[in-house]
Number of protein chains: 2
Amino acid sequence: MEQELPIFESVFSVDCVIFGFEEGVLKVLLIERNEPPFKDWWALPGYLVEPNEGIDEAAQRILFKFTGLKDIFLEQLYTFGDVDRHPQGRLITIAYYAMMRLNGKKDLKPSSAFVKKAFWCPVSDVPQLAFDHTQIFEKSLQKIRRKISYSPIAFELLPEKFTLTQLQNLYEAILNKKLDKRNFRKKMLNYGILKELNEKQQGVSYRAAAYYKFDRRKYNKLFQKELSFMKEDDAGH
Amino acid sequence: MEQELPIFESVFSVDCVIFGFEEGVLKVLLIERNEPPFKDWWALPGYLVEPNEGIDEAAQRILFKFTGLKDIFLEQLYTFGDVDRHPQGRLITIAYYAMMRLNGKKDLKPSSAFVKKAFWCPVSDVPQLAFDHTQIFEKSLQKIRRKISYSPIAFELLPEKFTLTQLQNLYEAILNKKLDKRNFRKKMLNYGILKELNEKQQGVSYRAAAYYKFDRRKYNKLFQKELSFMKEDDAGH
DNA sequence: TTCTCTTAGTGTAGCACTTACACCTTATAT
DNA sequence: ATATAAGGTGTAAGTGCTACACTAAGAGAA
C-alpha cells in the first residue's frame with residue numbers, strides 16, 4: 001500500500017551569458033533592469049523558470065523575451081545558490097552561456113517590462129552587476145577561455161567568411177594574450193578545417209586578405225568531438 | 001517607495017557521485033533506497049537541500065547522513081531538471097562528484113532511515129538506477145575521464161604510498177584503455193611531481209615495487225593549476 | 001608614375017614531447 | 001636451482017611547438 005507523497009514545487013531561475021565579437025572586441029550581452037530589486041542596475045538576462053518548463057527551454061524563452069535573440073545554442077555553465085544571493089530569499093540560478101555572431105544583429109528588442117534595454121558591453125568594461133552576476137560572468141569567461149583551446153567555438157563568433165587575421169584577433173581577445181602570426185596560421189591551416197574561398201577583402205586600403213570559412217564537415221570527420229586548439233599556457237597576463 | 005516583494009521558497013536536491021579505486025577496479029558509491037519513490041532501488045546518495053543551507057554544505061551533509069563519509073571534496077558537476085525526472089513533481093537536482101581513497105574505509109554507516117545500505121559498486125556493473133541517476137552517473141564518468149588528462153585527480157584515489165603500476169592501473173581503469181608501461185613511467189617521472197620513497201612493497205611473491213608519493217608542493221610550484229596529463233585520444237580502448 | 005603606408009603572407013632550425021618496441025632484474029615459491 | 005611473476009629500463013623516428021624577419025600586394029598621396 002503506497003502512501004501519499006508530497007508534491008514538490010521548485011522555484012529557481014536561469015541566467016544567460018552571451019558572448020559576441022565585433023571590431024576586435026569581445027562583448028557580453030547585458031540588460032538594464034526595470035524592476036526591483038536592483039532596479040536600474042545592469043545584469044545578465046535571466047528570470048524565473050516556469051513549473052512545467054525544461055531548464056534549457058526556459059533559458060531560450062527568457063533570453064528571447066529579454067533581448068529578442070532567438071535560436072542561440074545555450075550550454076549549462078554552473079548553478080549558483082548562495083543562501084543570500086537574492087534579496088527575496090533562497091533562489092538558486094542555473095547559468096547558461098553561449099557565443100554568437102554579431103554581424104548586423106544589433107536589433108536587441110526586449111519584450112518584457114522587466115527590462116529597460118539590452119545591449120552589448122565589452123567584457124573589459126563590465127561594471128559591478130546585480131545580484132551575483134559579476135561572479136557568474138567571470139566564471140563563464142574562464143569557461144570560454146578554456147573551451148577555445150579544445151573546441152572550435154571561435155567560429156561561432158565570427159561571420160561565415162573571415163580572414164585569418166580576424167580569427168587570430170578573436171583568439172587573442174578571448175585568451176587575452178598575443179599570438180605569433182606565422183605559428184597561428186600554420187597551425188590553423190594544418191588542421192585542415194578551414195576552406196579558403198576565392199574571395200578577398202574589398203575596399204581596404206592595403207593588401208586584401210583572403211577569406212576563409214570553417215569547414216564543419218571536415219571538422220566532424222577528423223575529430224569525433226574535440227581537439228587541442230591552443231596550448232594552454234600558464235596565465236594570460 | 002518600495003513595494004513589497006514576494007519571498008521565494010526553493011525546493012531542490014543534490015546528488016553525489018563518489019568514485020573510489022580498489023584492487024584495480026574503479027567503483028562508485030551507491031545506496032539502496034528504503035523509501036518510496038523507487039523504494040529498494042539503487043541510487044546515488046542525494047536528498048533535499050535545506051532552505052538556509054549552502055548547496056556545497058548540503059552535499060556534504062547529505063553524503064554523511066547517507067553513507068557516513070565526511071570531509072570529501074565535492075565539486076559541482078551539472079544540474080538536472082527534466083520536468084518529469086521526479087515522480088513527485090518538478091524537482092531539480094544539482095549533481096556533485098568527488099574522488100576518494102578507499103584504503104580501509106569500508107565502514108559505510110548510513111544514519112538515515114531513507115537508506116537501507118550504502119556500498120561500493122564497480123562502475124562496469126552499475127545497473128539501471130532510480131530517477132535519472134544513470135544519466136547523472138554517466139555524465140560524471142565522462143567528466144573524470146576528461147579531467148584525469150589535465151589534472152592530478154588520480155592521486156586522490158590512491159593511497160598515500162603507491163607503486164607506479166598501481167598508478168598506471170588507475171589511469172587505465174578510468175580511461176578504459178591500455179597504456180604503454182615505459183612511456184607511462186617516463187612521462188610521470190618527468191613531471192617531477194612524484195617522490196620516490198625508500199620503501200618497497202612487502203609480502204609480494206615477486207620483485208617488490210618501489211613506493212612513490214605525490215609531491216603536492218612541487219606540483220603547485222610547477223603549475224599554477226593544471227597541466228596536460230594524458231594525451232586525449234579519440235575513443236577509449 | 002613613383003613613393004609611402006599598411007597589412008597579408010611566408011619558412012626554417014632547434015627543441016621537446018610522443019610513440020613504438022623487447023629484454024634483463026629481482027624476489028618468492030617450489 | 002629453477003620457474004614464475006612482476007618490476008624496471010633506453011633508443012630511434014616522427015611530430016608538433018617555438019622563436020624569429022622579411023617580401024608581396026594594394027591603395028592613396030605626392
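Predicted, not measured: the structure shown is a model, and the values here were computed from it. Quick note on labels: first sequence line is chain A, next is B, and so on, each numbered from 1.
In this entry the distance linking CE of A/Met188 with C1' of C/dG9 reads 17 Å, nearest Å. Regarding B/Leu164, its CG atom lies at a distance of 9 Å from the P atom of D/dT9, rounded to whole Å. Atom CD in A/Gln202 sits roughly 14 Å away from atom C1' in D/dA25 (whole-Å rounding). In this structure, CD of B/Gln201 is placed 9 Å from C1' of D/dG7, rounded to the nearest angstrom. Rounding to whole angstrom units, OH of residue A/Tyr206 and C1' of D/dA24 are separated by 15 Å. Between the C1' atom of D/dG8 and the OH atom of B/Tyr211 lies a distance of 16 Å, rounded to the nearest Å. In this entry the distance linking CG of B/Asn183 with P of D/dG14 reads 16 Å, nearest Å. For the pair B/Lys200 NZ and D/dA5 P, the computed distance is 21 Å after rounding to whole Å.
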* To do: Would you sort out whether B/Tyr211 and B/Thr163 count as a side chain to side chain contact (heavy atoms under 4.5 Å, CB included), showing the intermediate values?
  => CA-CA 5 Å; B/Tyr211 278 122; B/Thr163 68; 4.0 Å; yes
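Within 3.5 Å, a donor on the side chain of A/Arg207 pairs with an acceptor on the base of C/dA8, or the reverse. On a pure distance criterion of 3.5 Å, a polar donor-acceptor pair joins the side chain of A/Lys186 and the base of C/dT12.
No side-chain heavy atom of B/Phe64 sits less than 4.5 Å from a side-chain heavy atom of B/Ile72.
Counting non-hydrogen atoms under 4.0 angstrom, B/Asp180 reaches a base of the nucleic acid.
Between A/Arg182 and B/Ala208, the residue whose closest nucleotide on DNA chain C is further toward the 5' end is A/Arg182. In terms of position along DNA chain D, the nucleotide closest to A/Lys181 lies nearer the 5' end than the nucleotide closest to the other residue of the pair A/Lys181 and A/Gly203.
Within the 3.5 Å criterion, the main-chain N or O of A/Tyr78 finds no donor-acceptor partner in the side chain of B/Gln76.
Checked options A/Ile136, A/Leu63, A/Leu77; the residue passing with A/Cys16 is A/Leu63 (criterion: side-chain contact (heavy atoms from CB on, under 4.5 Å)).
Proximity of A/Lys187 to the phosphate of D/dC17: a side-chain N or O atom is located under 4.0 Å from OP1 or OP2. Phosphate contact (OP1/OP2 of C/dA8, side-chain N/O of A/Thr165, threshold under 4.0 Å): present. Listed pair B/Arg185 / D/dG8 meets the phosphate criterion, a side-chain N or O lying under 4.0 Å from OP1 or OP2.
From A/Arg185, atom CZ reaches atom CG of A/Leu179 across 12.5 Å, with rounding to the nearest 0.5 Å.
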